[in-house]
Amino acid sequence: MSQKSLVKWIQGILIGFAICGVIFYGGLIPNIGLDLVSSYPEFGYMFYPWLVFILLTAIPCYIFLFFAWKVTLNIDKDNSFCMENSIHLRNMAYLTLFDTVFFMVGNIVYFLLGMNHPSILLGSILVVFVGVAISVACAALSHLVSNAAKIKDENDLTI
């Protein structure tokens with residue numbers, strides 16, 4: 001697979017993630033919430049706080065996709081191992097970790113306020129593990145790209 005086709009595939013996947021996010025955050029979540037409220041009107045007071053909370057978790061996801069897009073642009077320029085990509089990957093790791101912590105803290109706060117079910121809280125632990133795994137993978141890639149960029153810079157200086 002050539003580098004150009006690899007970049008196109010990655011960019012296609014990133015666009016797919018962005019579209020899936022719009023469908024999930026803009027369509028599925030509000031509709032599921034409205035269905036729950038119509039079936040169980042006693043939960044109506046929880047709809048808007050949960051909707052705002054879920055939509056706030058989308059912001060770091062789209063910033064993550066923006067940084068991933070910038071990484072693909074550097075790969076397309078045949079500059080895969082550069083400090084700029086290392087910084088983008090580190091930012092992606094921090095974003096994922098922030099979003100994961102925010103998600104878990106929000107779930108705990110809503111649980112303490114009586115707006116969350118214990119099974120939802122336990123299920124969110126799976127989301128937290130996935131978020132932490134993505135954060136660690138991005139941090140490891142950032143470290144490896146940083147080391148590769150240093151080696152590349154040293155080799156560029158030798159004759």
Side-chain angles (χ1 to χ4, degrees), residues 1-37 46-111 115-116 119-153:
M1 177 177 282
S2 72
Q3 190 166 342
K4 293 284 185 190
S5 65
L6 177 67
V7 167
K8 295 301 177 199
W9 273 101
I10 294 172
Q11 287 176 341
I13 290 168
L14 292 175
I15 290 170
F17 275 131
I19 292 169
C20 287
V22 168
I23 292 168
F24 181 75
Y25 287 112
L28 288 177
I29 293 296
N31 287 332
I32 290 170
L34 289 172
D35 286 345
L36 283 172
V37 169
M46 295 183 205
F47 176 71
Y48 286 108
W50 268 102
L51 184 63
V52 169
F53 172 67
I54 295 296
L55 291 178
L56 285 175
T57 63
I59 295 169
C61 295
Y62 280 95
I63 297 171
F64 181 99
L65 290 175
F66 172 75
F67 283 125
W69 189 269
K70 290 181 91 168
V71 168
T72 62
L73 293 178
N74 280 330
I75 293 171
D76 194 30
K77 293 184 225 173
D78 200 23
N79 196 17
S80 302
F81 301 110
C82 63
M83 291 308 288
E84 185 180 354
N85 277 353
S86 175
I87 291 168
H88 292 323
L89 287 164
R90 188 182 66 225
N91 290 341
M92 291 162 64
Y94 288 144
L95 274 169
T96 308
L97 190 61
F98 168 77
D99 199 25
T100 302
V101 169
F102 176 72
F103 181 75
M104 194 62 202
V105 168
N107 268 290
I108 291 169
V109 167
Y110 280 168
F111 178 75
M115 296 173 61
N116 197 357
S119 62
I120 302 276
L121 185 63
L122 289 174
S124 67
I125 291 174
L126 176 66
V127 174
V128 169
F129 281 128
V130 169
V132 168
I134 292 171
S135 179
V136 168
C138 286
L141 282 172
S142 172
H143 177 72
L144 293 173
V145 168
S146 174
N147 286 345
K150 288 175 189 172
I151 292 170
K152 181 182 162 205
D153 288 342

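We number each residue from 1, following the sequence as shown.
Scored by the side chain to side chain contact (heavy atoms under 4.5 Å, CB included) test, Leu56 finds Val52, Ile59, Phe102 as partners (sequence neighbours excluded). In this structure Ala18 satisfies the side chain to side chain contact (heavy atoms under 4.5 Å, CB included) test together with Tyr62, Leu65, sequence neighbours excluded. With sequence neighbours excluded, the residues satisfying side chain to side chain donor-acceptor pair (under 3.5 Å) with Thr72 are Gln11. For Pro30, the side chain to side chain contact (heavy atoms under 4.5 Å, CB included) criterion is met by Leu51, not counting sequence neighbours. Residues satisfying the side chain to side chain donor-acceptor pair (under 3.5 Å) test with Asn74, not counting sequence neighbours, are Asn85. For Asp153, there are no side chain to side chain donor-acceptor pair (under 3.5 Å) partners at least two apart in sequence or on another chain. Residues satisfying the side chain to side chain contact (heavy atoms under 4.5 Å, CB included) test with Leu141, not counting sequence neighbours, are Leu89. Contacts of Ser86 classified as side chain to side chain donor-acceptor pair (under 3.5 Å), with partners at least two apart in sequence or in another chain: Ser142.
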N/O donor to acceptor pairs below 3.5 angstrom from side-chain atoms of residues 127-138, sequence neighbours left out:
{"unit_1": "Ser135", "atom_1": "OG", "unit_2": "Ala93", "atom_2": "O", "d": "2.9"}

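Residue pairs meeting the salt bridge (charged side-chain N to carboxylate O under 4.0 Å, His left out) criterion with at least one partner in residues 15-30, sequence neighbours excluded, are absent. Each ring-ring contact (aromatic ring centres under 6.0 Å, His included) pair with one or both residues in residues 65-85, not counting sequence neighbours, appears once here: Phe67-His88. Residue pairs meeting the salt bridge (charged side-chain N to carboxylate O under 4.0 Å, His left out) criterion with at least one partner in residues 49-78, sequence neighbours excluded, are Lys4-Asp76.
Counting heavy atoms from C-beta outward, Asn91 and Phe64 have side chains that stay 4.5 Å or more apart.
Here the CG atom belonging to Leu73 is positioned 9.0 Å from the CD atom belonging to Glu84, to the nearest 0.5 angstrom. Atoms CD1 and CZ, from Ile125 and Phe103 in turn, are 10.5 Å apart once rounded to the nearest 0.5 Å. A distance of 9.0 Å separates SG of Cys82 from CD1 of Ile75, quoted to the nearest 0.5 Å. Note that the CG atom of Asn31 and the CG atom of Leu36 stand 11.0 Å from one another [nearest 0.5 Å]. Here the straight-line distance linking atom CG of Leu122 with atom CG of Asn116 works out to 9.5 Å at 0.5 Å rounding.
Crowding of Phe53 atom CZ: a count of heavy atoms from other residues, nucleotides or ligands under 6.0 Å exceeding 12.
The minimum heavy-atom distance linking Ser124 with Asn107 is given by the pair CB-ND2, 3.6 Å. Here the shortest heavy-atom pairing between Ser146 and Met83 reads OG-CE, 3.6 Å.
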Subject >> Working for side-chain contact (heavy atoms from CB on, under 4.5 Å), residues Met92 and Ile63 >> reply: CA-CA 8 Å; Met92 291 162 64; Ile63 297 171; over 6 Å; no
**OP:** Go through the steps for Tyr110 and Leu121 under the test side-chain contact (heavy atoms from CB on, under 4.5 Å), then give the verdict.
**Re:** CA-CA 9 Å; Tyr110 280 168; Leu121 185 63; over 6 Å; no
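Looking only at atom types and distance, the side chain of Lys152 has a donor-acceptor partner in the side chain of Asn79 under 3.5 Å away.
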